[in-house]
Amino acid sequence: MEDYMKKDKVKKFVRYKEGAEMYSMSLRKFQDLAKDAGAIYKVGKMVLVNCEVFEKYLETFRI
């Protein structure tokens, strides 16, 4: 996670655990929001979340 921030390299896809840490939220909340955003990709048994789609969805909650 720290390497992600240090290199200023933005990942397009993350797993649930990494995404929850990146966005400072619980794992369950991140999973629910990612599903609602339509940002989930399932590759075999692995689940990836598209950060670009997820962030667009998060912007809809802006006050």
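Values in this document were obtained by computation on a predicted structure and should not be read as measured data.
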Asker: Once you measure the plane-to-plane angle for Y23 and F30, does it fall in the parallel (<30°), tilted (30-60°) or perpendicular (>60°) bin?
Answerer: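 Y23 and F30: parallel rings.
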Asker: Count I, L, V, M, F, W, Y as connected when their side-chain heavy atoms are under 4.5 Å apart, and connections chain through other members. Are V49 and Y57 then in the same cluster?
Answerer: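 Same cluster: V49 reaches Y57 through Ile, Leu, Val, Met, Phe, Trp or Tyr contacts under 4.5 Å.
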Asker: Looking at A37 and V53, what are the two nearest heavy atoms and their distance?
Answerer: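 Taking every non-hydrogen atom into account, O-CG1, 3.5 Å.
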Asker: In a check of side-chain contact (heavy atoms from CB on, under 4.5 Å) between N50 and each of E55, K56, K12, which one passes?
Answerer: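 Looking at E55, K56, K12, the match for N50 under the side-chain contact (heavy atoms from CB on, under 4.5 Å) is K12.
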Asker: Nearest 0.5 Å, what's the CG-CD distance between L27 and E18?
Answerer: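 So the gap between those two atoms works out to 12.5 Å.
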Asker: Under 4.5 Å side-chain heavy-atom separation, chaining through any Ile, Leu, Val, Met, Phe, Trp or Tyr, what else clusters with Y41? Say none if it is isolated.
Answerer: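 Answer for Y41: F13, V43, M46, L48.
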Asker: Name all residues meeting the side-chain contact (heavy atoms from CB on, under 4.5 Å) criterion together with K42; count only those two or more places apart in sequence or in a different chain, and write none if there are none.
Answerer: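 V47.
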Asker: Taking the side chain as C-beta and beyond, is there a heavy-atom pair between M22 and K11 under 4.5 Å?
Answerer: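 In short, these two side chains do not touch, never coming nearer than 4.5 Å.
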Asker: In the structure I gave you, are the side-chain heavy atoms of C51 and V14 within less than 4.5 Å of one another anywhere?
Answerer: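 Heavy-atom side-chain distance check passes, below 4.5 Å.
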Asker: Tell me the side-chain hydrogen bond (donor to acceptor under 3.5 Å, both in side chains) pairs involving residues 24-40, sequence neighbours left out?
Answerer: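 Every side-chain hydrogen bond (donor to acceptor under 3.5 Å, both in side chains) pair that includes a residue of residues 24-40, provided the two are not neighbours, is R28-D32.
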